[in-house]
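Excluded from the calculations below are hydrogen atoms, water molecules and symmetry mates; all remaining heavy atoms, backbone and side chain alike, are included. Numbered from 1 within each chain, the chains take letters A, B, ... in sequence-line order.
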Amino acid sequence: MSIRVRIAPSPTGNLHIGTARTAVFNWLYAHHHPDGQFILRIEDTDRERSQPRYTRNILAGLAWLGLDWQEGPIYQSNRLDRYQQVVEQLLEQGLAYRCYCTEAELEEMRAAQKAAGKAPRYDNRHRYLTEAERQAYEGEGRKPVIRFRIEEPQEVTWNDLIRGEIRWNTQDLGGDMVIARADGQALYNLAVVVDDIDMQISHVIRGEDHIGNTPKQILLYQALGSQPPAFAHSPLILNPEGKKLSKRDGATSVAEFQQMGFLPEALKNYLALLSWSPPDGEELFTLDKAATLFDFDRVNRSAARFDWDKLNWINSQYIRQLDAGELVERLTPFWQAAGFDLSTVPQSPWLLTLAQLISEGITRLTEAPPLSRFLLEPKLGYTLPALEQLRMAGVATALAEIAQLLVAIEPSTATPDTLKPPIDQVVKTQGIKKGVVMKSLRAALTGDLQGPDLMASFALLHQRGWAVERLQAVASLLPAPPP
RNA sequence: GCCCCCAUCGUCUAGAGGCCCAGGACACAUCCCUUUCACGGAUGCGACAGGGGUUCGAAUCCCCUUGGGGGUACCA
């Protein structure tokens, strides 16, 4: 049997991080097998809540993560006739029937059950309506929903690939289930089963929140004369407090992680590591590598909390592994978003050197613009501590002398080594501590007391032709002399 | 309420009866490196939820309790 798995997001919201993780597991499992197929299906049967912009977001998010699929996207909204046909078939076979209950009647029923201390459920009251009763309801203008008959008591069992055997008594399924709404629209459980049968899905890998749907779907498979696929229910991702992940936790959609400066390969890596671990214990890996190792026996059964620290760390590791050219490419959108004009930057190696210079100090791409601002924006701002440093006695004079010596150094030849002699010379001639000079130099050049490697920054700045003027500008920062 | 799932350091996890007075990673602390901040290196702190069994022996198997999560729609 060939391996065919699918990710089936519903476009009622942006691509959720939990959905992305499910996609990762499916992708890994498909790619673990030489003939594995990963299929994308958009479950847009809910007309009111589904929106095209969410579909776009989901497709873009999956593409950004590089979770490519072999078939699809298949839209359920294009398969409505097929569902309708299956509903008719179940009706004809007597496995489903029309239920004319109104919303009010159902609510009343559930309220009574609750008052009696019982679990709310549909009491199958319209399962055996007579032709006359049916006519009467139709006469009232009532539009029926279609319910699928769930025989009770009966035990439904499946061997979950992650959790082992799970047993479910059909008495706990809530009564005969609605498979099509009053407007004829098929509902989730029916559509999923029909699709998974038609698409020959071999393994349904999805979140734990679907465990309760599984017995209902197995019953549907049986009614449709199909062998159910294998099921694997993965643990959920919880927020750091152990609660359901929500917008309040910083980010829930993949697009937000992208905006926050995470690399897709880092996010994927982290997602794969939540509730799964490779046999060799290695925590940094590509998904291709993980695919060769992936199997359900190494998937944990307990929910995992989302840990920003760990994600940040993984991201920083990936950023450092990127080669300079790749790094510049990834950084460019963030630099542009910060408003930097990259078209005026010096010849080729300059930007690469800059990217490499700041790469060791960042954990996310968004941290790059503030760190490289002094090299990419002509106008320099000073922090208060930097100003204080520059106003210390003797500093302006020392920096002015360095500026003077700098003029003799052709910018294109500037390197940390060629820029050292002027500094040493000033230390000697002015009898000022080297530590003070270095600190002041940083303040004058970058406007701050901390940042990337000073000499490397100095070289880049001089190559750009900005070093001399920045050193000279220090004089104007001094408070006006008393009259 | 009812049903289902889960339970190892703060977090992610290794562990499928003796190799474990429990290993790794992140975080945290200290030190080293570095005329900055980081990176990197070293060291440290730190857990088998509780109670019963089974067994010569239990983090590992069983039961109960407790705790957490999920579900209980004419949503998916």
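Phosphate proximity of B:U72 to A:Arg110: absent, as no side-chain N or O sits under 4.0 Å from OP1 or OP2. For the pair A:Thr45 and B:A76, the criterion of a side-chain N or O lying under 4.0 Å from OP1 or OP2 is met. Close to B:A14, at under 4.0 Å from its OP1 or OP2, lies a side-chain N or O of A:Asn300.
Ring orientation note: the planes of A:Trp308 and A:Phe306 are nearly perpendicular, at an angle over 60° on the 30°/60° scale.
A:Lys243 comes within 4.0 angstrom of sugar-phosphate atoms only, judged by non-hydrogen atoms across all strands, and of no base. Residue A:Pro215 is out of contact with every strand shown, counting any heavy-atom pair closer than 4.0 Å. No engagement by A:His233 is indicated, since no non-hydrogen atom pair under 4.0 Å with the nucleic acid exists. Among the heavy atoms of the strands, none lies under 4.0 Å from A:Arg121. Using a 4.0 Å heavy-atom distance criterion, A:Lys244 is classed as a sugar-phosphate-only contact. When heavy atoms are screened at a 4.0 angstrom cut-off, A:Arg301 is found touching the sugar-phosphate backbone but no base atom.
Judged by Watson-Crick or G-U wobble contacts below 3.5 Å, the nucleotide B:C31 has B:G41 as its partner.
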Test side-chain hydrogen bond (donor to acceptor under 3.5 Å, both in side chains) applied to A:Glu367 and A:Thr363, step by step: CA-CA 7 Å; A:Glu367 291 160 18; A:Thr363 62; 2.8 Å; yes

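Atom pair A:Asp44:CG and B:C75:C1' shows a separation of 13 Å (rounding to whole Å applied).
Checking B:C6, B:G24, B:A14 against the side-chain heavy atoms of A:Arg163 singles out B:C6 as nearest.
Close placement of the A:Phe296 and A:Tyr29 rings is indicated, their centers lying within 6.0 Å of each other.
Scanning atom types as modelled, no donor and acceptor separated by under 3.5 angstrom connect the side chain of A:Asn189 and the base of B:A76.
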